[in-house]
Structures are given as structure tokens and as C-alpha cells.
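First up is the structure itself, then whatever we jot down about it.
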Amino acid sequence: MTAFEVTGGRPLRGSVQVPGDKSISHRAVLLAALAEGTSTVTGLSTGHDVVRTATAVQAFGASIDGERITGGRRRLHAAHSPVDVGNSGTTIRLLSGFCAAFPWRTVLSGDDSVARRPMDRIAIPLRRMGAGVEGTEREQGVLFPPLTVTGGGLHGIDYRLPVASAQVKGAVLLAGLGAEGETVVRESVGTRRHTEEMLAACGADVEVSADGLTTTVRASEVHPFELVVPGDPSQAAFWVVAACVAPGSEVTIEPVYLGPARAGFLDVLRRMGADIEVEPVGSSDARLHVRSAPLHATDVGGSEVPGLVDEIPVLAVAAAVAEGVSTFSDAGELRVKESDRLTTVAGELTALGAEVEARGDGMVVTGGAPLQGGLVRAHGDHRVAMALAVAALVADGTTRIEGWEAVATSYPGFEEDLHRLWE
Ligand code: S3P
């Protein structure tokens, strides 16, 4: 296990380019594997999660040579051995849908954290489409990895998502690409739209309703494509909050994707009084200019949660620094992420002197308590590790974050970028 030490009290200055968006990168690799021919994908996320998806499609017969990914249904075949998804919940869920469309038997396993992630949410719709999905039922009615997916012979379904999850939507749509008839996915609250946007961009037969909540896909071929993956807003969020809270900071974040259900954290920070300028670059990307400013409390909950679900750990840091009592609610999904983020974030920020309480499906944060450096743990969770590094920037003295290696899941260069912004 590695540790990272951060000594607070220094402003951040300059510009930073975050890695390519993780959600888009996973889907780019999967769609390029399905596309007949060679696609070119530039700026893929360098995180270990996306490497797992890339390794998986190679096990299915796609070839990857730098930015060039060559695939096609005719060259794909069952994997010869179990596919290890590592720490990546997105990989195991999207791959389940991907594999369900083929007459293969695929075993998908992962690390201890993935083994605790619920999979019934994908097993139920995929089984309804005709796939076999087996796993371990350690709690009543909840299925956990390793999974065995037996695919082929699928038919379309009309499915309303019981949880707001873009991973589940993506899995069902990928399976729908190889199913007979129409597959309809209905959402009550909109989640990130990358699967449907990217399917449309590579020529699949897909339609999205005007309100963005109903997606219909029919069996189709996808064409090879050229894609420059935009910067990841969820990684940008760490620098945005860092620049807000570390006095004297002035940071520019090079363009990131700010399309549907990804920019909610900016609305929350603006409500808190943050000084953020959004400079549009193209139709869905923007450069962000952030200066430190005093923050005040806010309430985060309801339908805005799916649009900022990954940013809650670092928004909790902003709330800990802000004046007043902030609440996070309707965020029960955080309990089934890489760690139980409500418990780990509340516990570790409390260890640094913040007043944070995990309650049911949320947290209550009483801002303004002075933070003090100390020993904290990442709990194998990349976003907890990076949120703690941001908190450490405003803590008195030095903070030691144990389990720092978790950041490689999504942002291997975080430490290097922090040093650059400190210079
Ligand atoms: C993701 C969807 C979200 C998010 C995860 C990536 C995706 O998960 O938390 O980091 O790429 O579809 P859920 O689908 O579980 O909400």
C-alpha cells in the first residue's frame, strides 16, 4: 500500500488538463470492438478501469494498437478464460450487456470491492431479454460477482430502470444491439447519456425521446469512428473544489465534457458562491476558470443527484469548508460504489476535524470547523482518496492518505498535476 502526504496552506495556480472522460472511454472501447473495421480513439482515459475494458475486448478478439481499435462481430469470439474487471463496476456492468448479445458463456470477476457491488440491477433486465446471468446471492435477492453471462438469442424488452443508473441503461442498450425487435429503456430521472449519444454517432438504430428519458434501440451494426475523448468533468471537479477552497488559488481546467447529467456539480458550487467561469469550447465541452471564494452551505438532493453522483465526495469537502449546514440526501447509491462513500467520506473528513455525519441516504455537513492534518485512509476508493487530498489542501499541517494507489483507477497523474499547480 502506498501513501501520499499533502501539506496544506498553499494556493493552486496555473492550468491543468484532466484525463479523458472515463465513461466515454469505456463506451468508445466497447463500440470500437463491435464496429466492423478500425476506429481511432484519441485521449482515452489512462485509468486502470478503462485498461480493464480494453483488455477484455482484446480477450474477445478485438485488436488495439495505440489509438487504433479494430473490431467487428465476425472477429469476436468468447474469451478463453475468466475476464478480470479489477475494481471497475462500469466494466462489469457494461460488459454483461455486451456479452449477452453473443452466444458465449463469459465469466466476469473482479477485486474485493467489485465483489460487493450489486448486480441484480443488470441481471434482471438481461435475463428478461433471454440471457443467463448467474452470480452469488450473498444477501437475499441481491446478486454479486463473479458473474457468468450466457448470451445469444435475445429479444427486446420495454424496461423502466428501478435505479437511476447509466451503467444499467448502457448494459441494456448494448444487449439491445443484438436483440430481436425493439429494446426500450425508460428512466424516471435522467442519467448520463453517453451510450445513446455514441450509439447514434456510430450509426446504430437508436432514438431518444425529446425529454431524454426514453431510449429505443434496434438490432444494428455500428460503423468504425474517429473520436477525441473530451476531458473528464468528474476529475475536473477535484481541481474546481480545490481552487474554490484553497485561498489565493486561480486555476484553469482545460476543456471537459459538460453534456447532460455531468455538470451538476458546477450548479451546486455556484449556489455556494463559487467563482467559476465556464468558457464553451464546441457544443458540449468547456474550459473552466476558477478562483477561490468564500463558500456558503447548500442542500443537495432529489433529481439533481444522478447528475453529480460521483462528485459528492469532493462536494462534501466544499461543504466542510463552507459557512453553515449543508445536507446531501437521496444519495443512497453512494453506499454501493467502490466503497460505502457516505460512511468513508464522513469518517475520514471527521478524522481531519470536519463535522460530517452520514445519515441514511445522505450526509449532514456542518461547515467551518478548522481542518487539521492527520492520518486518513482511501478505503480502496479513488474518489475518496482524491477528495481527501483536496481537504488536505486546507488542513493545518500534513495529511497522510493511506491507500493512495487507488487513484490510478481513474487519474494516475493526479499527484503530478497537483505538484504542477503548486509551482
Ligand atoms: C457510470 C455511471 C455511474 C457512475 C460511474 C460511471 C457510467 O454509475 O457513478 O462512475 O459510466 O455509466 P451508476 O450507473 O451506478 O450510477
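For ligands, and for the atoms within them, numbers begin at 1 and follow the listed sequence. None of the values given here were measured: they were computed from a predicted structure. Basis for what follows: all heavy atoms, side chains included, without hydrogens, waters or symmetry-related copies.
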Under a 4.0 angstrom heavy-atom cut-off, which atoms of ligand 1 come close to Lys337? 3 (C), 4 (C), 8 (O), 9 (O), 13 (P), 15 (O), 16 (O)
Would you call Asp381 and Arg341 a salt bridge, using N to O less than 4.0 angstrom? yes
In ligand 1, the atoms that come under 4.0 Å of a heavy atom of Ser23 are 1 (C), 6 (C), 7 (C), 11 (O)
Under a 4.0 Å N-O cut-off, is there an ion pair linking Asp417 with Arg420? yes
Option of least heavy-atom distance to atom 6 (C) of ligand 1 (set: Val163, Asp49, Thr90, Asp21): Thr90
Taking only Lys NZ, Arg NE, NH1 and NH2, and the carboxylate oxygens of Asp or Glu, determine whether Asp310 and Lys22 approach each other closer than 4.0 Å. no
Ligand 1-proximal atoms of Ala164, by part, heavy-atom distance under 4.0 Å: backbone
In this structure, OG1 of Thr409 is separated from CE of Met386 (nearest 0.5 Å) by 8.0 Å
N/O to N/O below 3.5 Å, does that happen between Val168 and ligand 1? no
Evaluate the criterion side-chain contact (heavy atoms from CB on, under 4.5 Å) for residue pair Ser96 and Leu147; output intermediate values, then yes/no. CA-CA 8 Å; Ser96 297; Leu147 296 180; 3.7 Å; yes
Would you call the rings of His419 and Phe4 parallel, tilted or perpendicular, taking 30° and 60° as the class edges? perpendicular
Considering heavy atoms of the protein only, find what lies nearest to atom 4 (C) of ligand 1 and give residue, atom and distance to 0.1 Å. Asp310 OD2, 3.3 Å
Check contact between Arg192 and ligand 1, using heavy atoms of the residue and a distance below 4.0 angstrom. yes
Tell me the nearest of Arg27, Glu311, His194, Glu333 to atom 7 (C) of ligand 1, using heavy-atom distances. Arg27
Option with minimal heavy-atom separation from atom 14 (O) of ligand 1, where the choices are Ser25, Pro118, Ser165: Ser165
Heavy-atom contact check, 4.0 Å cutoff: does Lys169 meet ligand 1? no
Step by step, work out the ring pair (Phe, Tyr, Trp, His ring centres under 6.0 Å) result for Phe414 and His382. CA-CA 11 Å; Phe414 182 92; His382 54 133; over 10 Å; no
